[in-house]
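Every chain is numbered from 1 and lettered A, B, ... according to where its sequence line falls, protein lines coming before strand lines. Because only heavy atoms are used, hydrogens play no part in the values below, and waters and symmetry mates are left out as well, while side chains stay in.
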Number of protein chains: 2
Amino acid sequence: MSSLKHLAQSLGLSITTVSRALDGYSDVAPATRERVRAAAQAIHYQPNSAARSLRRRRADAVAVTLPTEPGRFGPPTFLNMLAACGQRLAEESLDLMLLPTAGRAEEMETYRRLLDGRRADAVIVVRTRLDDERVAFLKERGIPFVTHGRTARPDEHAFIDGDGEAGFRDAARHLASLGHRRIAHIAAPQDLAFAHLRRKGWLAALEEVGFADRPEFTAQPTEAGGYEAARRLMQQSTPPTALLCATDSMAIGALSALKERGLMAGRDIAVIGHDNLPAAAFTDPPLSTMEIAAPDVGRQLAEMLIARLGGRDSRELQTILPVRQVPRTTHGPVN
Amino acid sequence: MSSLKHLAQSLGLSITTVSRALDGYSDVAPATRERVRAAAQAIHYQPNSAARSLRRRRADAVAVTLPTEPGRFGPPTFLNMLAACGQRLAEESLDLMLLPTAGRAEEMETYRRLLDGRRADAVIVVRTRLDDERVAFLKERGIPFVTHGRTARPDEHAFIDGDGEAGFRDAARHLASLGHRRIAHIAAPQDLAFAHLRRKGWLAALEEVGFADRPEFTAQPTEAGGYEAARRLMQQSTPPTALLCATDSMAIGALSALKERGLMAGRDIAVIGHDNLPAAAFTDPPLSTMEIAAPDVGRQLAEMLIARLGGRDSRELQTILPVRQVPRTTHGPVN
DNA sequence: ATAGATTCCCAAAACGTTTTGGAAAGTCAA
DNA sequence: TTGACTTTCCAAAACGTTTTGGGAATCTAT
């Protein structure tokens with residue numbers, strides 16, 4: 001059964017030598033090495049991963065737990081990011097494990113099982129919350145990890161994030177410069193770090209230009225959430241003239257609500273989203289939005305994880321990516 | 001280091017007894033069993049997964065390879081399906097590994113590494129193609145697997161799929177009954193099984209009612225693809241009065257192209273998609289579409305995988321889920 | 001009291017690698 | 001020829017489980 005043993009027997013060599021030949025050690029004669037390699041190739045030899053992990057004391061796997069609280073989904077492009085990340089990890093022969101969890105208790109349980117059982121060497125934290133118990137747990141345990149999005153204490157761990165705060169500040173400023181005086185924010189739940197920062201950027205711009213009126217509504221980061229929020233905001237006695245939405249999904253919902261009230265985005269009211277989803281270019285009218293100005297967040301995330309596994313200090317691994325405005329039609333002036 | 005050894009020492013028992021106590025064997029005294037369990041709980045004992053896999057000769061993991069050919073992405077809801085699948089698998093303590101691959105050569109390489117190295121016990125095949133070398137490989141190797149979508153020979157393996165053929169047949173029939181005479185199909189690449197079946201359903205309905213005119217255009221299953229296809233189809237001298245789109249993403253792109261030509265979907269032309277994406281309810285006008293009439297495809301997929309791992313015959317594991325029409329506004333009559 | 005069951009436990013052998021600590025043979029300098 | 005190096009190989013010990021095949025008490029039935 002044992003493949004290495006098999007190989008050794010068929011070659012008349014010891015297991016040790018075969019192993020070392022395949023790993024390219026210098027204490028095996030070049031001729032032998034080649035002979036072993038050829039034989040290994042011939043029988044499609046692949047070291048048994050469990051045995052290797054056991055001996056080398058590492059799993060060669062990275063885990064990402066996926067909170068699937070009902071009604072809350074990540075952006076549709078999330079899988080693409082994971083895919084890019086996984087591809088880079090694969091180059092280091094690290095596998096990506098996807099661990100969906102429902103509810104926080106279950107999530108911590110999963111973490112424990114994972115880490116006490118040495119099933120993964122490192123962890124990716126997504127849908128990061130401002131105050132995130134997962135981060136606390138991982139720090140305490142000393143497991144390498146990178147968060148996608150910041151926590152309230154980002155200086156204490158590795159993370160990668162877009163500069164949503166600047167993006168929303170810039171967008172709100174721009175709207176103000178176009179003459180908007182009532183710039184509303186359609187917010188995502190504020191325990192999520194990205195949602196908090198985007199709101200913060202919006203708020204900063206409003207304070208800056210001295211608008212006391214700061215209409216906002218918080219909803220789930222989905223089309224339905226955006227629809228509901230826009231409907232509510234437009235019901236006010238003096239409704240906003242601009243809607244700055246935490247995500248494109250919300251903006252798409254908002255567009256639909258506006259249409260129902262006979263308003264045309266980009267003419268009667270401004271709408272801006274965030275993410276630049278593929279669908280955003282095809283809404284009616286085409287959605288003005290913003291996006292992280294890096295084509296390969298997933299890959300960079302992987303890179304940081306690899307660095308972390310290689311012992312790099314987490315304080316050197318804190319990336320804030322610039323956010324680029326993608327103006328289309330819906331941000332137009334109202335007056 | 002060895003945790004089981006640690007436990008044994010601290011309890012004054014043998015490793016064997018501790019192991020068997022935790023596994024609930026009957027040849028350990030109830031009192032001892034409880035003592036061991038308490039101690040294990042106290043130190044958060046989790047069996048080392050590599051050691052366990054090595055000894056039990058199974059990885060307790062299921063792999064899904066994710067083709068990421070440029071320009072082709074899965075539907076945005078794909079991650080949700082995987083999450084649901086992973087959750088069910090977790091209940092059987094099976095982990096889900098996500099292996100993104102670019103290009104088919106790399107994909108087969110990944111399969112080999114995975115299976116020769118005994119890294120996964122079973123495989124999920126997604127983005128199934130009509131003639132799929134992955135399926136051939138897995139069948140030859142005798143690895144349990146389930147495909148998401150059928151191949152050209154679906155009777156020979158386990159699969160789960162929606163009845164896209166019936167869905168598109170029904171939709172086309174309905175359009176014909178509304179008086180449409182030129183019902184076009186916006187198709188996805190025909191090597192993908194789902195795309196082939198949907199086109200087949202459309203074609204069957206047209207043959208049935210005797211329409212000789214069968215306008216169609218094939219594009220990538222994205223908004224951009226749908227946009228391009230719609231534009232092309234509408235340029236014809238006598239353009240179609242209905243667009244049956246392989247996916248909602250394509251339909252969203254098509255809507256945008258129609259709007260540019262001043263056409264209002266649901267009044268001037270009919271549009272129907274497939275998937276019932278969250279965004280489909282919020283397009284303008286709201287998109288008529290269809291969806292798999294099961295809320296838990298991911299879970300069912302997991303269930304089949306588990307059955308397969310339990311030795312169930314693959315011929316008993318072939319699920320075709322009915323497709324339900326979701327009429328909204330865009331399917332309306334043109335005359 | 002004794003043979004046979006039953007209950008509770010354990011030593012040791014796997015599983016398939018990697019790595020340690022040599023050993024044997026060959027080379028070279030004196 | 002001898003001693004010191006090199007080169008090339010290998011036996012054995014891990015890594016932490018699970019499982020096999022008992023063994024020693026204790027209990028039951030005669």
side-chain N/O B:Tyr45 vs D:dT17 OP1/OP2, d < 4.0 Å: yes
Distance-only polar pair, side chains of B:Ser14 and B:Thr17, donor-acceptor under 3.5 Å: yes
Closest to side chain of A:Ile15, choosing from C:dT18, D:dT8, D:dT17: C:dT18
Rounded distance (Å) that lies between atom P of D:dT17 and atom NE2 of B:His6: 11 Å
B:Thr16 side-chain proximity, nearest of C:dC8, D:dT17, D:dT20: D:dT20
Spacing between B:Leu13 atom CG and D:dT17 atom P, to the nearest angstrom: 15 Å
Protein-nucleotide distance (A:Leu22, atom CG; D:dC9, atom P), rounded to Å: 13 Å
No-H, no-angle donor-acceptor pair, A:Ser14 side chain to D:dA11 base, under 3.5 Å: no
Neighbour count above 12 (heavy atom, 6.0 Å) for B:Asp131 CG: no
Any B:Arg52 side-chain nitrogen or oxygen under 4.0 Å from OP1 or OP2 of D:dT18: yes
Sugar-phosphate, base or nothing in reach of B:Ser53, heavy atoms under 4.0 Å: nothing
Value in whole Å for how far the P atom of D:dA14 lies from CG of B:Leu54: 17 Å
Expected output: side-chain B:Arg308 to main-chain B:Arg312 donor-acceptor under 3.5 Å: yes
A:Thr77 OG1 to A:Leu82 CG distance, which is reported to the nearest 0.5 Å: 10.0 Å
Expected output: side-chain A:Asp132 to main-chain A:Arg134 donor-acceptor under 3.5 Å: yes
Check: A:Arg55 side chain, C:dT18 base, donor-acceptor under 3.5 Å: yes
Phosphate contact (D:dC10 OP1 or OP2) by A:Thr17 side-chain N/O below 4.0 Å: yes
Short side-chain N/O contact to C:dT18 OP1/OP2 from A:Ser19, under 4.0 Å: yes
Exam field: side chain A:Arg150 to backbone A:Gly162, donor-acceptor pair closer than 3.5 Å: yes
Parallel, tilted or perpendicular, as decided by the 30° and 60° cut-offs, for the rings of A:Phe78 and A:His148: tilted
5' precedence on DNA chain C between A:Pro47 and B:Arg20 (nearest-nucleotide basis): B:Arg20
Comparing B:Val28 and A:Ala51 on DNA chain C - which has the more 5′ nearest nucleotide: B:Val28
Sugar-phosphate only, base, or nothing, as touched by A:Thr32 at under 4.0 Å among non-hydrogen atoms: sugar-phosphate
Interatomic distance where CG belongs to A:Asp23 and C1' belongs to C:dT17 [whole Å]: 10 Å
With a cut-off of 3.5 Å and sequence neighbours excluded, list every side-chain donor-acceptor pair involving residues 35-48 of chain A.
from: A:Asn48; atom 1: OD1; to: A:Ala50; atom 2: N; distance (Å): 2.9
from: A:Asn48; atom 1: OD1; to: A:Ala51; atom 2: N; distance (Å): 2.9

B:Lys5 NZ to C:dA11 P, straight-line distance once rounded to whole Å: 13 Å
Per-nucleotide protein contact string for nucleotides 22-28 of chain D (B base, S sugar-phosphate only, - none; heavy atom under 4.0 Å): -------
Full working for side chain to side chain donor-acceptor pair (under 3.5 Å) between B:Glu106 and B:Thr101: CA-CA 6 Å; B:Glu106 190 191 319; B:Thr101 56; 5.5 Å; no
Between D:dC10 (P) and A:Leu11 (CG): distance, integer Å: 10 Å
Length of the CG-C1' vector between B:Leu4 and D:dT19, whole Å: 13 Å
Other residues, nucleotides, ligands: >12 heavy atoms within 6.0 Å of A:Arg118 CZ: no
A:Arg56 atom CZ, neighbour heavy-atom count above 12 within 6.0 Å: yes
Five-pair end axes of the helix from C:dA1-D:dT30 to C:dA30-D:dT1 and the angle they enclose, rounded to 10°: 50°
Under-4.0 Å side-chain N/O to phosphate OP1/OP2 contact, B:Arg57 with D:dT18: no
N or O in side chain of A:Tyr25 less than 4.0 angstrom from D:dC9 OP1/OP2: no
